[in-house]
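The sequence lines fix the lettering, A, B, ..., with proteins before strands; numbering per chain opens at 1. Not measured: the values here are computed from a predicted model. These numbers come from the heavy atoms of this one structure, side chains and all, not from hydrogens, waters or symmetry mates.
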Amino acid sequence: MSNVDQKVPFTEAVEAFDPLLGFEVHVELSTKSKMFCACPTEFGAEPNTQVCPVCLGLPGSMPVVNQDAIESTIKIGLALNCKIAESSRFARKNYFYPDMPKDYQISQYDEPICYDGYLDVEVPLEDGTKKSVRVEIERVHMEEDTGKLTHAGGATGRIQGADYSIVDYNRAGVPLIEIVTKVVPDTGALAPEVGRAYVTQLRDLVRGLKVSDVRMEQGSLRCDANVSLMPAGTSEWGTRTETKNVNSFKSVEQAIRSEIERQAAVLQSGGKVVQETRHYQETSGTTTSGREKTDAEDYRYFPEPDLVPVEPSAEWIEELRAGLPEAPAKRVARLQEAWGLSDFDMQSVVNAGALDVVEETVAAGVDQAAARKWWLGELARRANEQGVEIDQVGVTPADVAGIVALIDEGKINDKLAREVIDGVASGEGTPAEVVEARGLGVVSDDGPLIEAIDQALADNPDVVEKLREGNMQPVGVIIGAVMKATRGQADAGRARELIIERLG
Amino acid sequence: MTSETGNTLDVAAVARLAELARISLSDEELQRYSGQLDQILHSVDKVGEVAADDVVPMSHPQPLVNVTRPDVNKPCVDREEVLRQAPAVEDDRFRVPQILGEE
């Protein structure tokens, strides 16, 4: 096995071969408790503090299914236009690997809870238009997440060469949903973009259901991408590979592209594609060989004897269907039109997870541009810094509406608004209360402002000369000096008016 | 592995199962167990002879469905107690031997 794989340029590869895609996406549910026991599911807790006899697989312990996890799964299935099985069962997937202390994972095998659905994916094209591609869903099933292994000894921190491993079972048993597509044919040269659009829009859909954080970087959304090639003009499906470790939307696109180029090179040189798991390498944008794929029967699935079937009633399903939010694609299209935004600007709102907060801020009477400016700027920055969702920064849409109103009334400026946000986020009250308590307010009394302006004009005679000649471009220098002298409390608009006045 | 169609369980199949179950068997044991397992499978096959098409396969002896619990937390087990059960511990985690046969 050579370390550097041969590749065929992408355009050449997709001329000679038709790519066939398939996706397995895992979503960690954000339930309070685990799939089969009452342990918490929070990310980042001290190792092995969220465990009990059930998720440690101790003898005599018995799993019981989390009702909310079933509901969340049915919601995902319904949102993906799936049929919901009248009767569905859990199965044991047997394997020897210390990430599961039971030596099996409870999953679903031949009777998944949701099956036969689809997601219509809007794929952005180079010319700015979009192409709709239907991705058919094979199944959506419930299972449990595994523990986290850290490989110790050896130089690389990887399993090869490790002397031993250490295991944290906090994640073992966290509800995990697997969404499996059917083969996605006929994507041609668009295959990488289709992959990216599918995972992105699936994320948006699940996020809209509020059943998961769906954060790829934290592992609550994981994607395995299957790729195989079919010689153009034939119907011979090639051997597929499954690429793991794809940790961002961009990586989905790149992993598919890279795998198409690699497989095309293997086939064109007369070789055979090996059925295997491959690993995406973020730094090089390529995939490397992992283990050869074991056949499904190696897992010796059998019905889980400790759990009884799940048979959701028609009434329950209809109740869940009635409670589904507007489909994200429809909602985005509706808001994009209402706000008059370009595709790019709209996608920025969606990507920041700011759709809800911007919508609510606009509903509170704020102009969409101002709402987007604060949520995608200052507040997104804070969310990012704190590693939380944008609606968790301690500032509500009503607060933003209050801040924008204060700015519009000339009581504060953008700089002071950031201080107001500090105050609101640390629980000092409404924006108006923070302004009052901190004595923020811009200087509206012209006296101190005029004093500062006169000083700034005196300090910058060259600028004054240009201004007198009618070149207003360097006025920012004076305003900057005034802002500095008033510690940011001056109203820039009023200062500008006064500067012009003072210049006569 | 199934004998529903009257398949017999040969030595190779038992050797494969033993490997998957991480059980080390000698050639003599493989011979003996494949004979015994084969016999068990054929005995179970007899049930299939009397089961009509309208009898659905059973996976659970209790005629229960939808046994669930509400999504609430209950106290976990104290970590010290948990780790006391482990043969080896490092850094508050279970220490396990080198993992072979994986990537």
Side-chain angles (χ1 to χ4, degrees), chain A residues 31-33 37-40 46-53 56 58 64-70 87 89 94-98 101 147-153 158-160 162-169 277 279 289-291 297-300 302-305 307-313, chain B residues 1-4 7 9 12-24 37 41 44 56-103:
Chain A
T31 49
K32 288 189 205 72
S33 66
C37 65
C39 291
E46 281 287 299
N48 293 308
T49 53
Q50 299 179 343
V51 292
C52 75
L56 286 173
L58 299 187
V64 186
V65 182
N66 183 335
Q67 171 90 4
D68 280 19
I70 297 178
S87 182
R89 259 192 320 199
N94 298 279
Y95 66 96
F96 288 91
Y97 196 59
K148 189 175 185 329
L149 289 169
T150 309
H151 304 299
R158 295 171 60 149
I159 203 164
Q160 299 97 332
D163 297 323
Y164 58 91
S165 303
I166 53 177
V167 201
D168 170 12
Y169 287 120
T277 301
H279 294 274
S289 178
R291 80 190 135 109
E297 68 183 53
D298 280 1
Y299 291 123
R300 294 156 295 141
F302 63 85
E304 167 58 66
L307 293 168
V308 297
V310 176
E311 298 189 355
S313 69
Chain B
M1 263 168 268
T2 164
S3 72
E4 272 164 34
N7 287 344
L9 196 62
V14 176
R16 175 80 183 125
L17 281 173
E19 186 195 333
L20 289 172
R22 305 291 194 271
I23 298 170
S24 167
L37 285 167
L41 277 187
V44 175
V56 290
M58 184 187 75
S59 69
H60 204 280
Q62 301 285 345
L64 288 171
V65 296
N66 299 334
V67 177
T68 62
R69 58 178 179 80
D71 181 31
V72 290
N73 292 129
K74 285 186 184 160
C76 297
V77 180
D78 180 63
R79 179 163 70 189
E80 266 181 50
E81 198 182 330
V82 165
L83 294 176
R84 216 169 23 234
Q85 318 290 321
V89 171
E90 183 173 309
D91 210 8
D92 295 325
R93 292 161 175 90
F94 292 84
R95 180 174 161 156
V96 299
Q98 193 176 42
I99 300 162
L100 301 172
E102 291 285 338
E103 81 267 21

Heavy-atom side-chain proximity of [X] to [Y] below 4.5 angstrom:
| X | Y | result |
| --- | --- | --- |
| B:N66 | A:Q67 | no |
| B:R95 | A:I166 | yes |
| B:V77 | A:P53 | yes |

For chain B, the option from [options] that forms the most heavy-atom pairs under 4.5 Å:
| options | answer |
| --- | --- |
| A:P40, A:C52, A:G147 | A:P40 |
| A:P47, A:P98, A:P303 | A:P47 |
| A:V308, A:N94, A:D68 | A:V308 |

When heavy-atom pairs shorter than 4.5 Å are enumerated against chain A, which of B:V65, B:D92, B:V82 gives the highest number?
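Sorted descending by pairs with chain A, the first entry is B:V65.
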Is the closest side-chain donor-acceptor distance between B:N73 and A:S33 under 3.5 Å?
no
Applying the side-chain contact (heavy atoms from CB on, under 4.5 Å) criterion to B:F94, which one of A:L56, A:D168, A:L149 satisfies it?
A:L56
Looking at A:N48 and B:R79, would you say the former's side chain and the latter's main chain have a donor-acceptor pair under 3.5 Å?
no
Check whether any side-chain N or O of B:R93 sits under 3.5 Å from a backbone N or O of A:T150 as a donor-acceptor pair, and report yes or no.
no
Tell me, side chain or backbone of [X] under 4.5 Å from chain B's heavy atoms, or both, or neither?
| X | result |
| --- | --- |
| A:P305 | backbone |
| A:L307 | backbone |
| A:Y169 | side chain |

Closest heavy-atom pair and its distance - A:V64, B:V67
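So the two residues come closest at CG1-O, 4.1 Å.
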Inter-residue atom distance B:R69.CZ - A:C37.SG, 0.5 Å rounding:
6.5 Å
Proximity breakdown for B:A21 and chain A, heavy-atom pairs closer than 4.5 Å:
both
